[in-house]
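Structure first, commentary second.
The structure displayed is predicted, hence computed values, not measured ones.
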Amino acid sequence: MNKTAWVLLVGMLITDVQALDLKGLSEMVDKVGGSANGGVKHDAVSSLTDQEASDGLKLALNQGVSKAVGLLGTTDGFMGNKEVKIPLPDSLKKVEKGMRMVGMGKQADELVLKMNRAAEQAVPEAKTLLVNSVKQMSLTDAKNILTGPQDAATQYFKKTTSTDMAAKFLPIVQKATANVQLADTYNKYAEMGSKFGMIKKEDANINQYVTQKALDGVYLMIAKEEAAIRQDPMGQASNLLKKVFGAAK
């Protein structure tokens, strides 16, 4: 049901709005609804024109990207969201505990706050890369996402943007953490711990650690948006249709 409904969303979200009227929408609902009863999912996708499949999917993905970046790239986007809040690495928990025991809890809290603020500052840079990835999506990519697993779109973004996004994020994170008290201390202890196998190599530098966590947060929120569209495409489509057909109500 979810994939068939996703097809319905794609059909409804074509960008050429002049080619679509409310009667056309009704006919499309009936057409795809009938395929849901028959379970002919790939045939339903094939029944869409290539342009409908591509344009509709791209519009839906751009919606998800904008919402994910908007939620994270603001004050408390990370710090106030327990799903993506960046803590000190597990391997440094003992160090954090020791800091609190000697009255340095405030410094530890400040470091955690600054790590999350750095991620919040970096995330807006992701939007351009993600949108460009959508623009460059081929017809084959679009069809594979439509008929693929529940996180097919998220996996597509990871494959096409993670390297460039990390390169964009890192200098922003470095700048944001440059004046944080204990940042150098973090790196010193983390690097020592890494040499003795106590700390994961990727956690040995605070900037690299925050950059990776920021990436993880972006893809997590995109995955949540993708899941929402797949689970309730009619609800998602209704909101978009109101936006596109502002005067149709």
State whether the side chain of E225 and the backbone N or O of A68 hold a donor-acceptor pair below 3.5 Å, judged by distance alone.
no

So CD1 of I145 and OG1 of T140: to nearest 0.5 Å the spacing works out to 11.0 Å

Worked verdict on M79 versus I86 for side chain to side chain contact (heavy atoms under 4.5 Å, CB included)
CA-CA 7 Å; M79 192 68 184; I86 303 174; over 6 Å; no

What's the shortest heavy-atom distance between E226 and A153, and which atoms?
OE2-N, 3.0 Å

With heavy-atom distances below 4.5 Å as the criterion, would you say the side chains of K58 and M137 are in contact?
yes

Any Y156 side-chain heavy atom under 4.5 Å of N144 side chain
no

For the residue pair D164 and T161, confirm or rule out a side-chain donor-acceptor distance under 3.5 Å.
no

Under a 3.5 Å distance rule, please check whether E120 uses its side chain to pair with a backbone N or O of F78 as donor and acceptor.
yes

Tell me the closest heavy-atom pair linking A176 and A118, and the distance in Å.
CB-CB, 3.6 Å

Below 4.5 Å, heavy atoms only, C-beta onward: do K175 and I172 meet side chain to side chain?
no

Under 4.5 Å between any side-chain heavy atoms of Q208 and V173, yes or no?
no

Closest heavy-atom pair and its distance - A126, F169
CB-CZ, 3.8 Å

Mind checking the CD1-CD spacing from I222 to Q155? Nearest 0.5 Å is all I need.
11.0 Å

Is the shortest side-chain heavy-atom distance between F157 and S162 below 4.5 Å?
no

How long is the gap from NZ on K159 to OG on S133, to the nearest 0.5 Å?
9.0 Å

From E125 CD over to L170 CG, what is the distance, rounded to the nearest 0.5 angstrom?
12.5 Å

For K224, give me all partners under salt bridge (Lys or Arg N to Asp or Glu O under 4.0 Å), at least two apart in sequence or on another chain.
E83

From T74 OG1 over to L71 CG, what is the distance, rounded to the nearest 0.5 angstrom?
9.0 Å

M221 and V69, any side-chain heavy atoms less than 4.5 Å apart:
no

Test item: T211 side-chain N/O and N207 main-chain N/O as donor-acceptor pair under 3.5 Å:
yes

With the side chain counted from C-beta on, respond yes when L130 and M165 share a heavy-atom pair under 4.5 Å apart, and no when they do not.
yes

Hits for side-chain contact (heavy atoms from CB on, under 4.5 Å) against A227, two or more places apart or cross-chain, chain-then-number order -> none

If you measure from the Lys or Arg side-chain nitrogens to the Asp or Glu carboxylate oxygens, is any gap between K85 and D76 under 4.0 Å?
no

So, taking the atom named CD in Q212 and the one named CG in D216, what distance separates them when rounded to the nearest 0.5 Å?
4.5 Å

